[in-house]
J.: 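Before anything else, here's the structure in question.
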2 protein chains.
Amino acid sequence: MAQKTSTLQDVARVAGVSTATVSRTLSNPKMVNESTRERVAEAVRVSGYRVNRAARNLRTQRAQSVLVLLPDLANPFFSAILEGISLNLSRRGYSMLIASTKQVHDSGDRLIDYLDDARADGMIILDGGLDPAVVASLKNAPQSKPILFACEWVEDGNFPSVRSENRRGTGTAVRYLHSIGHRKIAHVTGPDGNVLMHARKDAFVAECEKLDLELKPEWIIPGDFSLRAGCLAAKTWIAFEDRPTAVFCASDLLALGFISELSRQDFKVPQDVSVMGFDDIDLAEQFIPPLTSIRQDRLLIGETAASMLLERLTTQSGEGTEHAAVVPVSLIIRESTAPPNSRP
Amino acid sequence: MAQKTSTLQDVARVAGVSTATVSRTLSNPKMVNESTRERVAEAVRVSGYRVNRAARNLRTQRAQSVLVLLPDLANPFFSAILEGISLNLSRRGYSMLIASTKQVHDSGDRLIDYLDDARADGMIILDGGLDPAVVASLKNAPQSKPILFACEWVEDGNFPSVRSENRRGTGTAVRYLHSIGHRKIAHVTGPDGNVLMHARKDAFVAECEKLDLELKPEWIIPGDFSLRAGCLAAKTWIAFEDRPTAVFCASDLLALGFISELSRQDFKVPQDVSVMGFDDIDLAEQFIPPLTSIRQDRLLIGETAASMLLERLTTQSGEGTEHAAVVPVSLIIRESTAPPNSRP
DNA sequence: CATCGATATGTAATCGATTACAATAATGAT
DNA sequence: ATCATTATTGTAATCGATTACATATCGATG
């Protein structure tokens with residue numbers, strides 16, 4: 001039952017060759033003779049040999065794993081991204097380590113340790129809200145291993161990144177609402193200081209100006225991407241004297257919360273107000289009413305992030321590799337939006 | 001910038017002691033003299049030393065990491081469990097590796113490799129639907145490393161596990177519906193063959209019998225825990241001649257899908273039918289109407305799973321450690337349930 | 001036939017930490 | 001003063017794979 005796993009030595013003994021030959025057979029088969037290759041393959045089979053990663057990692061100075069850092073494991077937005085990352089990593093024999101910045105915060109700046117202590121070869125960060133001091137420590141780490149931001153990013157540091165078309169998506173949203181007749185549009189923002197919040201808010205304001213839409217300052221309602229903030233924003237909207245006929249939320253969760261609260265107060269969507277979100281999470285389609293949204297291809301974001309990082313890991317210091325990938329978004333029209341006053 | 005990380009050797013040289021002493025200072029401080037301890041600590045500080053995990057892992061024959069296996073990263077049900085696992089693992093210096101059984105399936109039986117190739121010391125499985133052949137291979141692996149099932153489990157193999165009180169929770173749900181006046185209750189089940197599906201269905205039937213409730217065979221509606229299956233189940237319910245006044249769904253997603261579809265068809269919850277779920281995912285509270293559910297403490301499940309596994313990792317072969325932990329569930333009453341015919 | 005190149009394989013150093021064992025000093029008991 | 005005991009530190013083997021370098025074999029070439 002609990003027998004030892006066999007080592008290269010064992011395989012070498014069985015096959016009657018040296019460990020070097022076995023190693024070569026496994027990692028670079030065309031270096032060895034056909035006949036020995038077969039003998040070794042057979043020996044590997046009978047002994048049930050599995051490479052010992054710790055030994056290989058020590059010798060090759062790699063970990064064959066990547067750390068993914070999330071702000072919050074409980075946010076469903078991230079799951080598809082993880083799926084994409086994991087898919088590409090495992091395809092190349094890499095493992096995916098997960099940590100959440102919340103916990104990092106709790107336990108000091110242990111973040112850089114993952115890279116420094118040879119547990120991971122690189123890092124994909126999905127949290128743009130990292131403490132600047134932590135970011136700096138990452139940048140100046142003794143061994144500068146590749147770090148890449150996905151979805152969110154930090155302004156300084158000039159890290160490579162994968163992003164969605166936040167500006168274009170926001171512009172598309174506003175133009176769509178405008179095209180079906182809305183002239184007064186509110187925006188519920190992400191959390192203060194968040195890069196996505198700024199990108200989307202700025203794009204929102206810019207598009208409103210371009211279309212020459214009225215935009216009262218209070219129609220920019222501060223939020224934080226969460227359901228709860230969406231509920232609060234709905235209360236704000238209800239309290240307005242002059243209510244916008246459409247609301248563009250910076251995330252789907254905000255939009256869902258917004259609609260929930262409106263329903264509780266007996267407002268109807270889209271009859272009383274059109275609501276749209278950003279992300280197109282799984283739930284958007286199933287909600288009542290199904291939510292109009294800007295879809296981010298989260299799987300693709302994840303896959304892109306993983307392959308960009310692997311690129312940098314395998315080519316020396318990432319010469320000539322793409323620095324910032326932008327993943328397209330698309331407008332998904334469902335039932336939470338309609339022309340204004342559609343129920344006269 | 002890209003300077004080498006310093007090794008034990010470097011620290012030893014700076015402190016003027018041997019590597020053995022440095023190692024001891026770090027792992028077992030009370031073995032070394034106060035003064036050398038300080039000297040070493042200082043040397044560690046100035047050289048910015050970080051242990052090389054690969055080296056340690058090779059020497060100690062451990063990976064200091066645990067693999068968590070999910071059926072589906074995209075399911076929000078798992079996120080809080082991961083949070084709990086991660087919390088307990090990182091507290092003890094362990095890393096969390098994530099893989100999904102979907103991908104494992106795609107790439108052959110590489111699952112056992114994680115343990116065999118020294119990447120992980122143990123495994124937490126959140127998927128009871130594993131191929132029996134894979135399960136067997138896990139059980140008979142050359143080095144039998146600890147494996148633990150959480151939430152779901154497999155019948156054979158006698159693996160340790162952490163579960164929620166599925167039976168009691170289901171009983172509570174049925175008794176609650178009965179107590180507010182329902183006499184005809186349907187059940188939307190999980191996927192065929194799933195252990196949770198069976199546990200909950202059996203408990204449902206048993207409780208109905210105990211309460212002497214009518215239960216037509218077609219009132220057991222097959223589903224699979226997903227939103228979509230909930231929608232389909234709603235169509236089934238609508239088609240009944242004799243409609244149950246309450247529906248107990250085996251998961252929250254099912255319940256949400258069920259309610260969504262009913263809304264589309266202009267049925268009102270809870271006026272036309274009471275609907276309840278199982279899990280109490282984040283969304284349940286925000287849905288319209290807020291969902292009555294049986295709450296599983298997912299964070300606690302995760303924490304328990306991690307600490308049970310760590311227990312087995314640190315004590316030799318897990319003598320006298322708990323074999324099956326059961327985590328309590330609780331009834332959360334919200335607005336998706338009400339006495340029947342509440343709108344006469 | 002000597003020499004060169006290509007091919008195939010073996011020998012042994014190496015990665016960086018841990019730890020068994022040995023060595024030494026310090027302390028106390030007799 | 002002697003021996004046992006404890007406390008502290010050093011020496012070197014070890015974990016298991018990779019790989020630089022050395023060696024051996026074979027055929028072809030001039």
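Note on naming: letters A, B, ... go to the chains in the order of the sequence lines (proteins, then strands), and numbering restarts at 1 for each one.
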J.: Just how far, in rounded Å, is P of dG10(D) from CD of Gln9(B)?
T.: 13 Å
J.: Are there more than 12 heavy atoms of other residues, nucleotides or ligands under 6.0 Å from atom CD of Glu42(B)?
T.: yes
J.: Taking CD from Glu34(B) and C1' from dA7(D), how many angstroms apart are they, rounded to a whole number?
T.: 14 Å
J.: Looking at every heavy atom in both Leu309(B) and Gly122(B), which two are closest together, and how far apart are they?
T.: CD2-C, 4.0 Å
J.: Which nucleotide in the list dT19(D), dG16(D), dG10(D) gets nearest to the side chain of Thr60(A)?
T.: dT19(D)
J.: Arg53(B) has an atom CZ; how far is it from atom P of dG16(D), in whole Å?
T.: 20 Å
J.: Does a nitrogen or oxygen in the side chain of Gln61(B) sit under 4.0 Å from OP1 or OP2 of dG16(D)?
T.: yes
J.: With a non-hydrogen cut-off below 4.0 angstrom, is Arg24(B) in contact with a base, only sugar-phosphate, or nothing?
T.: base
J.: Just compare dA12(D), dT18(D), dA17(C) and give me whichever is closest to any side-chain atom of Asn52(B).
T.: dA17(C)
J.: Nearest whole Å is fine: how far is dA17(C) C1' from Tyr49(B) OH?
T.: 6 Å
J.: For dG16(D) and Thr7(A) - does any side-chain N or O of the residue sit under 4.0 Å from the phosphate oxygens OP1/OP2?
T.: no
J.: Regarding Val22(A), tell me which of base, sugar-phosphate or nothing describes its non-hydrogen contacts under 4.0 Å with the strands shown.
T.: nothing
J.: Would you classify Ser23(A) as touching base, sugar-phosphate or nothing, given that sugar-phosphate means primed atoms plus P, OP1 and OP2, and contacts are heavy atoms under 4.0 Å?
T.: base
J.: Quick one: which of dT9(C), dT11(C), dG16(D) gets closest to the side chain of Leu58(B)?
T.: dG16(D)
J.: Starting from C1' on dG10(C), measure out to CG on Asn33(A) and report it in whole angstrom.
T.: 15 Å
J.: Can you tell me how far P of dG16(C) sits from CG of Asp117(A), to the nearest Å?
T.: 14 Å
J.: Looking at dT14(C), does its base get a donor-acceptor pair with the side chain of Arg59(A) below 3.5 Å?
T.: yes
J.: The criterion is side chain to side chain contact (heavy atoms under 4.5 Å, CB included); which residues satisfy it with Asp297(A), sequence neighbours excluded?
T.: Leu299(A), Leu300(A), Val327(A)
J.: Taking atom types as modelled, is there a side-chain donor on Ser47(A) or Asp10(A) under 3.5 Å from an acceptor on the other?
T.: no
J.: Need one value for Ser27(A): base, sugar-phosphate or nothing, where a base atom within 4.0 Å counts as base even if backbone is also close, heavy atoms only.
T.: nothing
J.: Provide, to the nearest angstrom, the distance between the CZ atom belonging to Arg37(B) and the C1' atom belonging to dT9(D).
T.: 14 Å
J.: Atom CG of Asn28(B) and atom C1' of dT18(C): how far apart are they, to the nearest Å?
T.: 12 Å
J.: From dT9(C), dA17(D), dA12(C), pick the nucleotide closest to the side chain of Thr19(A)?
T.: dA12(C)
J.: Answer yes or no: side-chain N or O of Arg50(B) and base N or O of dG16(C) forming a donor-acceptor pair under 3.5 Å.
T.: no
J.: So, Asp117(A) and Arg53(B), do they make that salt bridge, N to O below 4.0 Å?
T.: yes
